[in-house]
Novice: 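Have a look at this one.
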Amino acid sequence: MKEYISYCGLNCETCNARLATIFNDDALREAVAALWSKLNDAEITPDMINCTGCRIPGAKTPYCDSICPIRQCAVKKEMETCGSCPEMNSCLKVGAVLINNPDARRRLETLSKK
């Protein structure tokens with residue numbers, strides 16, 4: 001479903017943070033917190049792992065809610081996703097995701113054509 005595609009094109013529907021939230025799975029929250037702590041070299045605790053999806057009303061992780069520069073930019077510009085933005089192909093913020101994730105780029109390009 002298109003509402004589960006994040007501003008940057010990642011698929012929130014399959015995100016373990018979202019799955020932990022909707023299934024209230026504390027073991028999965030702990031696993032996500034441990035992995036994200038390692039990947040981001042920051043302390044992320046299981047209680048921070050609550051998110052319904054980037055563009056869906058409801059809980060967000062602290063990073064997604066108030067720190068993510070991609071989400072902050074898209075919200076400020078009132079874009080449905082970065083795929084709606086004429087600057088997507090030259091944007092350094094979303095480019096950091098798209099360069100490593102061709103599926104995210106395809107999702108954004110598909111959404112922008114609809």
Side-chain angles (χ1 to χ4, degrees):
M1 287 194 223
K2 75 175 194 171
E3 63 268 13
Y4 288 111
I5 304 306
S6 67
Y7 290 104
C8 67
L10 296 177
N11 186 353
C12 292
E13 190 169 22
T14 61
C15 175
N16 282 336
R18 180 180 175 279
L19 295 174
T21 302
I22 62 171
F23 294 115
N24 197 26
D25 185 335
D26 288 335
L28 185 53
R29 278 189 183 96
E30 288 180 27
V32 171
L35 176 63
W36 289 7
S37 292
K38 182 179 180 180
L39 291 175
N40 295 290
D41 195 26
E43 183 180 355
I44 298 171
T45 60
D47 62 299
M48 294 176 175
I49 306 300
N50 286 294
C51 192
T52 55
C54 183
R55 298 186 309 122
I56 298 170
K60 309 275 178 272
T61 66
Y63 177 81
C64 293
D65 186 44
S66 59
I67 299 170
C68 175
I70 298 168
R71 184 173 186 276
Q72 299 307 309
C73 179
V75 168
K76 181 179 177 183
K77 290 182 176 182
E78 298 180 350
M79 296 287 170
E80 182 179 22
T81 68
C82 293
S84 305
C85 183
E87 300 170 23
M88 181 183 86
N89 289 321
S90 61
C91 178
L92 297 177
K93 293 175 189 131
V94 75
V97 172
L98 301 181
I99 198 157
N100 293 312
N101 195 320
D103 289 336
R105 179 178 293 281
R106 277 193 289 279
R107 286 185 205 103
L108 292 178
E109 289 171 348
T110 299
L111 284 175
S112 69
K113 292 177 185 174
K114 292 184 178 182

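Because only heavy atoms are used, hydrogens play no part in the values below, and waters and symmetry mates are left out as well, while side chains stay in.
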Novice: Hey, is CD1 on Ile67 packed in by over 12 heavy atoms from elsewhere, all under 6.0 Å?
Specialist: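 Atom CD1 in Ile67 is crowded, with more than 12 foreign heavy atoms closer than 6.0 Å.
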Novice: Can you tell me how far the CG atom of Asp65 sits from the CD atom of Gln72, to the nearest 0.5 Å?
Specialist: 7.5 Å
Novice: If every non-hydrogen atom of Cys8 is compared with every non-hydrogen atom of Ile70, which pair is closest and at what distance?
Specialist: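 Shortest heavy-atom contact: CB-CG2, 3.8 Å.
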Novice: Determine whether a donor-acceptor pair (N or O, by modelled atom type, separation under 3.5 Å) exists between the side chain of Lys60 and the backbone of Asn50.
Specialist: no
Novice: Within a reach of under 6.0 Å around NZ of Lys93, are more than 12 heavy atoms found that belong to other residues, nucleotides or ligands?
Specialist: no
Novice: Under 4.5 Å between side-chain heavy atoms, hopping through other hydrophobics if needed: is there a path connecting Leu19 to Ile44?
Specialist: yes
Novice: Cluster question for you: counting only ILVMFWY and a side-chain heavy-atom cut-off of under 4.5 Å, with indirect links fine, are Met48 and Ile22 together?
Specialist: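 Same hydrophobic cluster.
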Novice: Answer yes or no: is there a donor N or O on one side and an acceptor on the other, between the side chain of Thr52 and the main chain of Pro57, under 3.5 Å?
Specialist: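 Looks like yes, one N/O pair under 3.5 Å.
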Novice: Please check if the number of heavy atoms outside Ile99 that lie under 6.0 Å from its CD1 is greater than 12.
Specialist: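 No.
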Novice: Do any N or O atoms from the side chain of Ser6 and from the backbone of Cys12 form a donor-acceptor pair under 3.5 angstrom?
Specialist: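 Looks like no, no N/O pair under 3.5 Å.
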Novice: For residues Arg18 and Glu13, report the shortest heavy-atom separation together with the two atoms involved.
Specialist: NH1-O, 3.6 Å
Novice: Looking only at side chains, do Arg105 and Asn89 share a donor and an acceptor under 3.5 Å apart?
Specialist: yes
Novice: Looking at OG1 of Thr110 and NZ of Lys2, how far apart are the two atoms once the value is rounded to the nearest 0.5 Å?
Specialist: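 It is 12.0 Å, given to the nearest 0.5 Å.
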Novice: How long is the span from the CZ atom in Arg107 to the CG atom in Asn101, to the nearest 0.5 Å?
Specialist: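 Spacing of CZ (Arg107) from CG (Asn101) equals 6.0 Å.
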Novice: Over all heavy atoms of both residues, which pair between Ser37 and Glu43 is shortest? Give the atoms and the distance, please.
Specialist: OG-C, 3.9 Å
Novice: How many angstroms lie between atom CZ of Arg29 and atom CG of Asp47, to the nearest 0.5 angstrom?
Specialist: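 Rounded to the nearest 0.5 Å, the CZ-CG separation comes out at 9.5 Å.
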Novice: Minimum heavy-atom separation for Glu30 to Pro46, with atom names?
Specialist: CG-CG, 3.7 Å
Novice: Examine distances only and state if a side-chain atom of Arg55 and a backbone atom of Tyr7 form a donor-acceptor pair shorter than 3.5 Å.
Specialist: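 No; judged by distance alone, with no hydrogens or angles, the pair does not exist.
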Novice: Closest approach of Leu108 and Met88, non-hydrogen atoms and distance?
Specialist: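 Shortest heavy-atom contact: CD1-SD, 3.8 Å.
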Novice: I'd like to know whether Lys77 forms a side chain to side chain contact (heavy atoms under 4.5 Å, CB included) with Glu87, so could you lay out the CA-CA distance, the side-chain angles of the two residues, the decisive distance to 0.1 Å, and finally the verdict.
Specialist: CA-CA 11 Å; Lys77 290 182 176 182; Glu87 300 170 23; 3.3 Å; yes
Novice: If hydrophobic clusters are built from ILVMFWY residues whose side chains come within less than 4.5 Å, do Leu111 and Val97 share one?
Specialist: no
Novice: Assigning hydrophobic clusters by single linkage (Ile, Leu, Val, Met, Phe, Trp, Tyr; side-chain heavy-atom cutoff under 4.5 Å), is Leu28 placed with Trp36?
Specialist: yes
Novice: Determine the minimum heavy-atom distance between Ala104 and Leu10, stating which atoms define it.
Specialist: CB-N, 4.1 Å
